[in-house]
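I have placed the structure first, in the form of structure tokens, so that the comments after it can refer back to it.
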Amino acid sequence: MPRKKIKLEHSIEYLSILDEKGKPDKDLDPKIDKDTLLRMHRTMLLSRRFDEYQLRWQKQGRIGTFAPAKGQEASQVGSIAAVEDDDWMVPSFRETSVALWRGTPMSGLLLFNAGYNEGGEIPEGQNDLPISIPVASQITEAVGIAYAMKMQKKDRLVVSYFGDGATSEGDFHEALNFAQVFNTPNIFICQNNQWAISVPREQQTESRTLAQKALSYGMPGIQVDGNDPLAVYTATREAAERARKGDGPTLIECVTYRLSVHTTADDPGKYRDEEEEEKWEEWDPIPRFQQYLKDRRILRKKDIDSLEEEIDDEVKSAWDEVEEQIESLGDPLVMFDHLFEERPAYLEEQRQTMKQYREDKNG
Amino acid sequence: MPRKKIKLEHSIEYLSILDEKGKPDKDLDPKIDKDTLLRMHRTMLLSRRFDEYQLRWQKQGRIGTFAPAKGQEASQVGSIAAVEDDDWMVPSFRETSVALWRGTPMSGLLLFNAGYNEGGEIPEGQNDLPISIPVASQITEAVGIAYAMKMQKKDRLVVSYFGDGATSEGDFHEALNFAQVFNTPNIFICQNNQWAISVPREQQTESRTLAQKALSYGMPGIQVDGNDPLAVYTATREAAERARKGDGPTLIECVTYRLSVHTTADDPGKYRDEEEEEKWEEWDPIPRFQQYLKDRRILRKKDIDSLEEEIDDEVKSAWDEVEEQIESLGDPLVMFDHLFEERPAYLEEQRQTMKQYREDKNG
Amino acid sequence: MAELTMVQAINLALEQEMEKDDSVHVLGQDVGVDGGVFRVTDGLLKKFGEDRVMDTPLAESAIVGMSVGMAIAGLKPVCELQFSGFSYFAFHQLEGQAARMRWRTRGRYNVPMVCRMPYGGGVRALEHHSESREAYYAHTPGLKMVIPSGPRNARALLVSAMRDPDPVIFFEGKAIYRAFKEEVPDEEETIPLGESQIAREGDDLTIITYGAMTHRTLEAAEKLAEEDGIEAEVIDLLSISPLDDEKLSESVRKTGRVVIVHEAHRSFGPGAEIIARINEKSFYYLEAPIQRVTGYDVITPYFAREQDYIPDVARIVTGARQAMAD
Amino acid sequence: MAELTMVQAINLALEQEMEKDDSVHVLGQDVGVDGGVFRVTDGLLKKFGEDRVMDTPLAESAIVGMSVGMAIAGLKPVCELQFSGFSYFAFHQLEGQAARMRWRTRGRYNVPMVCRMPYGGGVRALEHHSESREAYYAHTPGLKMVIPSGPRNARALLVSAMRDPDPVIFFEGKAIYRAFKEEVPDEEETIPLGESQIAREGDDLTIITYGAMTHRTLEAAEKLAEEDGIEAEVIDLLSISPLDDEKLSESVRKTGRVVIVHEAHRSFGPGAEIIARINEKSFYYLEAPIQRVTGYDVITPYFAREQDYIPDVARIVTGARQAMAD
Ligand SMILES: Cc1ncc(C[n+]2csc(CCOP(=O)(O)OP(=O)(O)O)c2C)c(N)n1
Ligand SMILES: Cc1ncc(C[n+]2csc(CCOP(=O)(O)OP(=O)(O)O)c2C)c(N)n1
Ligand SMILES: [Mg+2]
Ligand SMILES: [Mg+2]
């Protein structure tokens with residue numbers, strides 16, 4: 001009696017719906033409507049092809065370094081598709097599929113990756129935060145936004161994204177604790193892609209799952225097959241329902257894999273086996289999802305072919321667009337804009353110095 | 001099957017050995033030897049009386065603000081008594097009982113509380129870090145020291161202390177994760193005294209226990225009655241055995257209560273009920289432990305009386321000592337010492353300026 | 001109109017603004033039930049409820065990060081960090097998120113938040129409770145750095161800070177929290193951020209200071225007038241960033257001699273930038289080297305010796321005499 | 001003797017010191033298997049094993065805090081933070097623990113650690129990857145702040161830093177990691193921390209700079225000699241704190257005209273302190289206002305416009321001509 005086991009608030013579950021061949025567990029299939037399924041599929045494919053083009057453009061020096069989403073499309077699309085368009089979205093730095101789902105133009109992403117601050121602009125009406133490079137740096141912001149939604153009595157929740165590595169940062173811990181304490185409508189999507197640059201998941205932390213970190217906050221946590229859009233969708237949906245009912249936040253660990261480089265500055269050959277990569281290729285979320293859609297007769301082979309063509313054109317024309325945009329962008333003096341609402345005198349002075357300097361140089 | 005419960009590495013236990021009347025659970029009694037028990041008792045009593053004197057001295061303006069340990073003596077002494085004298089100890093800022101157990105002279109503590117940096121000096125041979133005021137700020141240091149012990153193949157472990165509030169800080173999280181990943185000989189003692197200044201434990205975090213935060217790191221965690229020195233001792237002993245065997249760190253939550261003010265700058269009347277305080281007074285660790293010792297015929301009423309007298313003298317003479325020390329301390333120029341091993345020129349210049357200035361002023 | 005301490009004046013600013021503007025929220029450690037460890041937020045919880053006066057868990061980074069999120073989404077958070085010495089736990093949030101969000105999004109989101117924190121020595125407190133590291137924040141693009149010197153301007157500056165559409169770091173001198181009272185009008189007052197005040201007029205010498213040091217500086221100025229017949233102009237900066245270059249230039253060009261007084265460490269401290277600005281704008285008017293009377297480049301000593309670290313009236317007078325003698 | 005890039009030279013310093021001294025450990029994100037994102041620690045894991053070349057989880061505060069603990073207990077940690085822009089996650093550990101431990105314990109414990117981090121722009125990287133905020137650390141009592149300008153002095157300074165009994169912040173200019181090679185002797189070399197070098201001698205003007213900017217400054221100096229017949233003395237600081245006041249004074253007293261060049265933001269930046277020191281020590285030798293050619297007080301822009309932010313040769317020349325013209 002004086003030595004007794006303590007009962008926890010929650011237990012941690014694992015959820016998967018599609019098997020490796022794309023066959024769903026009939027009882028668990030969330031029965032997403034056809035249009036949504038097709039939009040999900042299109043976004044995943046677009047994200048994949050966009051990554052591929054960007055890798056090429058990066059090699060050609062047209063854009064700088066960026067972090068491909070390849071392999072994580074199901075984690076990203078499955079989760080964002082399960083919430084409303086006017087819910088808030090707080091990314092980390094690898095959420096291309098999410099951004100595309102939300103409506104961010106590829107040209108904007110390209111502009112960002114080409115080194116222009118203007119690429120960080122969020123289209124008006126889209127409740128997204130911009131990419132933030134420091135790992136785990138805006139999970140706390142997601143909690144603040146969710147708190148504001150609650151205060152303003154808006155029926156909006158906040159989905160935020162981060163990786164397995166991010167769970168080691170203090171800010172992850174502080175943010176999740178605050179969310180539970182203030183009972184905010186947050187959904188925390190941890191994309192466990194097995195690697196934080198060269199550090200494998202097993203060296204990042206000794207906990208068997210990342211989902212169980214939720215127990216630290218008395219928060220519900222769940223681990224899902226992150227390469228299964230239906231499982232991700234279902235878990236997010238459940239979390240969203242809880243959040244909207246006022247039942248607070250949820251941590252969802254999506255078990256997935258980074259099929260590509262960390263960023264274009266990275267060489268995975270230094271630290272991981274091709275075998276591992278090949279093993280995970282078999283779990284590629286896109287063919288699996290396509291099989292499911294085909295089996296449900298929502299998508300045919302030839303639909304995919306024509307979609308591929310469409311996407312190819314779309315991506316290519318995004319580059320043309322961004323080239324035009326770059327030409328029309330203001331000169332570097334824009335770096336003095338948007339520091340403050342009003343530019344203080346000392347900054348204006350510096351701006352004039354730069355202006356003068358540029359005029360002298362050019363004329 | 002595709003929706004299944006995940007088994008965790010550890011379960012969380014609760015341990016208590018003494019009941020409220022000081023009667024032990026016979027099977028669990030750690031059978032500590034008599035000398036150690038008496039030393040534990042003496043340290044707890046000394047800590048209590050020293051706190052009381054210091055509160056008085058603070059009111060009289062003899063010392064500045066400080067954080068009394070009252071109520072937490074069992075958590076502190078029970079844990080530190082369970083490790084070796086040459087193990088390392090990393091305090092937070094309320095570990096008076098621990099410091100006394102380790103041999104820190106009361107005069108040193110008084111000097112610190114009187115506003116002299118010299119009070120932070122750790123007696124040679126005592127492997128203690130100094131007090132660190134920022135909450136949770138040296139838990140990571142405890143991990144670094146433990147790693148060094150492991151590297152140097154020394155059979156030494158590190159006990160570190162912090163409060164319930166500290167578990168909300170990012171550094172707590174990062175430190176425990178590192179400890180488990182590097183499998184270091186650390187024992188983390190969380191003194192859950194129910195309050196972080198005015199914030200009650202329930203508002204600090206929504207997890208039912210603080211011990212379960214260990215699950216986040218795949219670390220063993222245990223919750224113990226922190227007002228029961230035998231339970232604290234037992235849990236620490238078990239953790240120490242694991243650590244010495246190379247089985248890594250443990251988190252121990254000691255459920256206790258801050259029976260006094262947060263610091264002398266604080267007024268608990270603003271935020272907590274007297275009833276609560278009174279309830280916890282009944283669980284005061286000192287009478288409970290005394291009852292146990294009496295029942296075991298290790299301590300008699302008259303031993304306590306003479307011990308009280310002895311302690312009274314000791315504390316008072318510590319004040320005399322510190323007064324003498326203060327007089328013999330160097331002038332404020334010492335603030336330029338110990339910034340670096342060698343004083344760089346710019347600092348020496350500043351020192352000379354101060355010296356000159358003081359000479360001009362004084363003569 | 002009432003005679004208020006700085007604590008009361010700041011409390012008044014918070015209360016009136018919260019009344020006027022529903023979107024103002026106060027958050028931090030112990031700011032609710034306890035009314036703040038210095039009682040600055042006393043009474044606010046009772047009046048505005050726990051949704052708007054939020055006792056948070058013990059985590060500076062989350063306090064700031066959550067504030068940034070609230071600000072992005074339409075609220076106006078005023079967060080309190082218990083001592084400026086603990087703000088470094090949130091440094092990445094302040095420099096990386098608060099300061100950058102407007103810039104990062106080309107103005108789509110702004111961060112109208114105030115981050116209040118007590119700074120400086122003089123209240124017999126513990127280590128990390130007495131620092132004066134405003135230079136860290138002043139060096140950070142995207143932040144404004146404000147330090148009032150008394151009840152009346154504290155109130156006016158805080159109102160301006162709360163209405164500012166951008167993040168403001170607001171340091172409150174512990175030593176002057178309760179040291180004296182001032183008449184503070186009931187009606188709203190504001191002072192534009194970036195504007196300094198002439199605290200004393202004079203033609204012989206310019207002494208530039210701010211915060212708690214303003215009072216010792218004014219005392220020193222009186223002493224200089226009495227004992228040396230030197231009439232010092234004392235400029236109370238109020239804003240460390242943006243600096244009020246104009247007022248500085250005007251005074252320096254008039255007097256040609258300058259002393260800078262601050263509690264902050266000397267090297268790479270605020271005084272250095274002030275010297276640099278004067279060098280750039282008024283070099284040819286200077287008649288002698290600018291004197292810095294500042295805290296030393298040591299860890300701020302524990303309280304028994306703190307007053308030997310913080311500039312006192314005599315040190316300021318010595319610095320001034322030096323500036324006149326050179 | 002070999003021709004090495006700065007990356008290779010730093011690697012050499014680490015390797016040789018680890019060989020010589022068992023207590024030196026390297027830790028950080030991706031420093032082991034991956035050899036560091038810039039390959040600075042390449043090969044060390046293989047040679048010294050994972051106990052001494054430690055791939056850590058992703059947590060800057062713990063990396064620094066753990067290093068402090070290791071240093072206290074007798075090891076000599078060299079930790080790497082992946083970019084200086086992420087060091088603010090550990091700011092409280094650097095200023096609150098690393099910098100204070102010796103002082104706090106009256107010398108009982110010292111913290112012989114080096115905290116290495118890449119700084120500065122020029123490699124087409126992302127936000128937070130291009131900052132130059134050495135002033136934060138230079139303003140912090142208890143820390144030394146070192147920035148080499150090339151392979152040879154990087155190696156020598158790092159050896160000194162590893163042997164220094166106190167914590168050293170060691171910034172490595174990304175732009176010069178691989179930009180050029182230099183002869184680096186096999187035998188050990190050291191440079192005392194706090195000592196600057198005259199990178200070019202001259203009598204007309206003193207240009208003070210450090211790190212990656214040293215090269216543009218030297219180019220500018222050549223141009224000034226060619227086009228204007230101005231012979232600039234270029235001082236490469238190497239240590240930002242402690243500053244080499246002596247060498248600065250000597251040069252300034254000789255030339256009377258000064259330009260300071262750095263990538264860091266202008267306001268409250270390193271240049272301000274240098275001006276303040278010159279004001280204090282050599283005021284009467286100055287013939288014109290000191291010119292600052294620096295990064296602007298804006299968030300360091302993304303890479304497409306980064307080169308407009310970082311001082312270039314032409315801006316340095318302009319600053320120098322200004323200093324001569326005044
Ligand atoms: C605070 C911080 N430290 C280090 C880095 C460098 N860095 C960029 S991404 C990354 C790994 C992130 O791993 P994870 O969180 O798993 O996300 P993933 O890259 O796998 O999507 C690191 C170390 C950073 N951006 N921010
Ligand atoms: C980083 C930091 N933030 C805030 C404070 C102010 N402060 C001192 S003690 C304390 C509460 C600590 O609570 P807990 O960890 O439970 O320890 P306890 O005081 O109860 O022993 C606070 C907020 C501090 N010292 N450090
Ligand atoms: Mg990852
Ligand atoms: Mg507590």
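Residue numbers start from 1 in every chain, and the chains themselves are labelled A, B, ... in the order their sequence lines are given, proteins ahead of strands.
- C:E134 does not touch chain D: none of its heavy atoms, backbone or side chain, sits under 4.5 Å away.
- Ranked by heavy-atom pairs under 4.5 Å with chain D, the first of C:R277, C:R104, C:Q93 is C:R104.
- Considering all non-hydrogen atoms of both residues, C:P141 and D:D297 come closest at CB-O, 3.7 Å.
- Counting heavy-atom pairs under 4.5 Å between each of C:Q291, C:R266, C:E60 and chain D puts C:R266 at the top.
- For D:L243, the part sitting under 4.5 Å from any heavy atom of chain C is the side chain, from C-beta outward, and nothing else.
- The candidate with the highest count of non-hydrogen atom pairs below 4.5 Å against chain C, out of D:I290, D:I274, D:I260, D:L94, is D:I290.
- Within a 6.0 Å sphere centred on OH of D:Y109, heavy atoms belonging to other residues, nucleotides or ligands number more than 12.
- Using the six-membered ring where Trp is involved, C:F283 and D:F283 have ring planes that are tilted, between 30° and 60° apart.
- In this structure, C:E287 places its CD atom where more than 12 heavy-atom neighbours from other residues, nucleotides or ligands lie under 6.0 Å away.
- Here the closest heavy-atom approach between residue C:S241 and residue D:F268 is recorded as CB-CE1, 4.4 Å.
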Residue pair D:R100, C:E127: steps toward the side chain to side chain contact (heavy atoms under 4.5 Å, CB included) verdict: CA-CA 10 Å; D:R100 290 171 186 256; C:E127 199 189 347; 2.9 Å; yes
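- Smallest separation of non-hydrogen atoms from C:E273 and D:A272: OE1-CB, 3.5 Å.
- At a cut-off of 3.5 Å, with distance as the only test, no side-chain donor of C:R133 or D:T140 sits close to an acceptor on the other residue.
- Of the residues listed (C:F89, C:Y88, C:Y136, C:F91), the one engaging D:H92 in a ring-ring contact (aromatic ring centres under 6.0 Å, His included) is C:F89, and it is the only one.
- Each of D:A288, D:A276, D:P289 has some count of heavy-atom pairs under 4.5 Å with chain C, and the biggest count is that of D:P289.
- Residue D:Q322 does not touch chain C at all, counting heavy-atom pairs closer than 4.5 Å.
- With a 4.5 Å cut-off on non-hydrogen atoms, D:P242 does not touch chain C at all.
- No other option in C:I278, C:I275, C:T300 has as many heavy-atom pairs under 4.5 Å with chain D as C:I275.
- Heavy-atom distances place the side chain of D:Y284, and not its backbone, under 4.5 Å from chain C.
- Both the backbone and the side chain of D:I240 have a heavy atom closer than 4.5 Å to some heavy atom of chain C.
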